[in-house]
Number of protein chains: 2
Amino acid sequence: MTIDNKRYEELQQIKLAVDCIIFGFNNNRLELLLIHRGFAPEIGKWSLIGGFIGNDEDLDEAANRVLYGLSGLENIYMEQVKTFGKANRDTSGRVVSTTYSAMILKSEYDEALVSKYNAKWFPIDELPELVFDHRDMVDSAIRRLRRRVRNFPIAFNLLPAKFTLPQLQALYEGILNEPIDKRNFRRKVAQMNYLVKLTEKDMSESRKGAYFYEFDEALYQIEQNFNL
Amino acid sequence: MTIDNKRYEELQQIKLAVDCIIFGFNNNRLELLLIHRGFAPEIGKWSLIGGFIGNDEDLDEAANRVLYGLSGLENIYMEQVKTFGKANRDTSGRVVSTTYSAMILKSEYDEALVSKYNAKWFPIDELPELVFDHRDMVDSAIRRLRRRVRNFPIAFNLLPAKFTLPQLQALYEGILNEPIDKRNFRRKVAQMNYLVKLTEKDMSESRKGAYFYEFDEALYQIEQNFNL
DNA sequence: ACAAAAGTGTTAACCGTACACCCATGA
DNA sequence: TCATGGGTGTACGGTTAACACTTTTGT
């Protein structure tokens, strides 16, 4: 910001916000947490959770604060996605919004907070009508997730620390929205030494039981050859 | 932006800016256009060209306006890269900045404008010290370019409409900063029918002359199998 | 004994990579 | 004729993709 700008700077009346695309995984489906808009404009539609940036707050901090306010969760993995800045995108005033995507564990969020805000989980292929350009925000977050999930070990944020391969595969199928060959999938997993097979089995989903696995972050830092 | 926000909204005093990472290609090297900062703070350092957003201006429009102001070029291919929002990133006040990367043809920009702003081209591996977090901005733009240039036909923005394969290969080597095998490169080019070989040759770079090629946008829209 | 989910190997097609010589031309 | 840069094909190794049966256990 270095050129010919006095006229813009002095009069600038633009609000800056963040909006969070919150992913969860349930019933073998990728889901999004949305809130019901109880006020005008666009009352009755659903929207992402968002908030304005504090004057002394980093943009990333604002996203974390907003997520914490809704879910009660801290230290959640978030990625900045894109900034939406069309002049007329928000019909209630000039607001530029930076989107962040978050992945949370559906077993851990604070249900009381979520219901306080009239929030609800929706499978990503059954989203209701969203306010403003929130649908575009969601679409770009999903595209980004699909791109990144193959090359970075981020999907584990949607599973408990101990997970089984059938769970992991179902998660990938849910995210990518396509079936995956079990044997090819497991071969790749076997090549990643930081996906550690435990001796314990999960007996809750089948009679035979499936071995638990863990993601070992320290080991991953050495190899960094993630590929699924 | 929908929750608990009155306190932030009403008092918000944050300026919103764009900064442009302008790529060019010259002497077989990828270059960046930077301007010399003639005012405090950080006087004497170099910076990206930037500007504040107008109240009724789309974010993308602002980026185009800033680029136009410096280069005199319109309808330039630009991509949003990332938004930088650390509270203390700009020592002169609270400014959040969205970065855009642009690719321009060094033969076409307005040199008078560029020199008016004390701007100068630098090869990307010989950048001077930059103000604030502009170095981070440049790094993320370069990373993004290197990722995207293999899968999308964007590098052609750095070449004239008619270009030769030796030129194109040198461009890719410059962007990726690694040597490329000529025969493998050409085999891939041959698979992309929208890279059309013309009958005309460029005799200016060699005695034998190299055939000109053209990128056919309409044909590309049909196949979209770009891969280099 | 059977239903239900977990687990296991092999083959063929494709893609990326490495590599060396001839061609056309102007000086 | 020679120096300069343009242009061409093949073989190997690794990766991806397709495919069907056995194992374990609770009922």
Side-chain angles (χ1 to χ4, degrees), chain A residues 25 27-29 146-147 149-152 159-160 162-193 195-214 223-228, chain B residues 25 27-29 146-147 149-152 159-160 162-193 195-214 223-228:
Chain A
F25 184 63
N27 287 126
N28 287 348
R29 298 213 277 183
R146 287 186 176 150
R147 235 181 302 123
V149 81
R150 298 167 183 272
N151 298 311
F152 300 94
L159 292 176
K162 293 178 185 179
F163 54 87
T164 66
L165 295 193
Q167 274 182 305
L168 184 64
Q169 181 175 343
L171 172 60
Y172 268 80
E173 290 175 333
I175 292 174
L176 298 173
N177 194 32
E178 61 188 30
I180 297 175
D181 181 275
K182 202 187 344 178
R183 286 173 285 189
N184 295 337
F185 184 80
R186 283 165 180 259
R187 183 180 22 259
K188 287 184 180 175
V189 169
Q191 285 166 355
M192 297 185 265
N193 301 318
L195 293 179
V196 188
K197 185 180 187 170
L198 307 181
T199 51
E200 188 188 355
K201 274 187 168 185
D202 171 21
M203 301 306 292
S204 68
E205 298 286 320
S206 72
R207 307 200 151 112
K208 185 177 180 181
Y211 284 103
F212 278 118
Y213 282 71
E214 256 178 1
E223 309 206 10
Q224 292 194 242
N225 60 338
F226 193 85
N227 165 248
L228 268 182
Chain B
F25 184 63
N27 287 126
N28 287 348
R29 298 212 279 183
R146 288 188 175 148
R147 234 182 302 122
V149 80
R150 296 166 184 274
N151 298 309
F152 299 94
L159 293 177
K162 293 179 185 176
F163 53 88
T164 67
L165 296 193
Q167 275 183 303
L168 185 64
Q169 181 174 343
L171 173 59
Y172 268 80
E173 290 175 331
I175 292 175
L176 298 173
N177 194 32
E178 62 189 30
I180 298 175
D181 182 276
K182 204 189 339 181
R183 283 173 288 190
N184 295 337
F185 184 81
R186 282 162 181 262
R187 182 180 24 259
K188 286 183 181 176
V189 168
Q191 285 165 355
M192 297 185 265
N193 301 319
L195 293 179
V196 188
K197 184 180 188 170
L198 307 182
T199 52
E200 187 186 358
K201 275 188 167 184
D202 170 20
M203 301 306 292
S204 68
E205 300 286 321
S206 71
R207 305 189 207 283
K208 184 176 180 179
Y211 284 104
F212 278 119
Y213 282 70
E214 257 178 0
E223 309 205 11
Q224 292 196 245
N225 59 339
F226 192 85
N227 167 246
L228 269 183

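Below, read A as the first sequence line, B as the second, and so on, with proteins coming before strands; counting in each chain starts at 1. When reading the values below, keep in mind they use all heavy atoms of this one structure, side chains included, and skip hydrogens, waters and symmetry mates.
- B/Arg207 pairs by the side chain to side chain contact (heavy atoms under 4.5 Å, CB included) definition with nothing, not counting sequence neighbours.
- Listed by chain and residue number, A/Asp181, A/Arg187 satisfy the side chain to side chain contact (heavy atoms under 4.5 Å, CB included) test with A/Asn184 (two or more places apart in sequence, or in another chain).
- Take B/Thr199 and apply the side chain to side chain donor-acceptor pair (under 3.5 Å) test, not counting sequence neighbours, and it matches no residue.
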Write down the protein N/O and nucleotide N/O pairs, taken from nucleotides 4-6 of chain D, whose separation is under 3.5 Å; answer none if there are no such pairs.
{"residue": "D/dG6", "atom": "O3'", "partner": "B/Gly209", "partner atom": "O", "Å": "3.3"}
{"residue": "D/dG6", "atom": "N3", "partner": "B/Lys208", "partner atom": "NZ", "Å": "3.2"}

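- Qualifying salt bridge (charged side-chain N to carboxylate O under 4.0 Å, His left out) partners for B/Lys162, counting only residues two or more places apart in sequence or in other chains: B/Glu200.
- Heavy-atom contacts from other residues, nucleotides or ligands closer than 6.0 Å to OH of B/Tyr211 number 12 or fewer.
- In this view, A/Asn193 and A/Glu223 satisfy the side chain to side chain contact (heavy atoms under 4.5 Å, CB included) rule, not counting sequence neighbours.
- Residues that satisfy the side chain to side chain contact (heavy atoms under 4.5 Å, CB included) test with A/Gln224, not counting sequence neighbours, are A/Tyr220, A/Gln221.
- Every residue two or more places apart in sequence or in another chain was checked for a salt bridge (charged side-chain N to carboxylate O under 4.0 Å, His left out) with B/Arg183, and none qualifies.
- Bounding nucleotides for the chain A contact on DNA chain C, 5' to 3', at a heavy-atom distance below 4.0 Å, are C/dA3 to C/dT10.
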Check: protein-nucleotides 9-12 of chain D nitrogen or oxygen pairs below 3.5 Å:
{"residue": "D/dT10", "atom": "O4", "partner": "B/Arg187", "partner atom": "NH1", "Å": "3.1"}

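- In this view, B/Lys182 satisfies the salt bridge (charged side-chain N to carboxylate O under 4.0 Å, His left out) rule with no residue, not counting sequence neighbours.
- Under the ring pair (Phe, Tyr, Trp, His ring centres under 6.0 Å) criterion, B/Phe163 pairs with B/Phe156, sequence neighbours left out.
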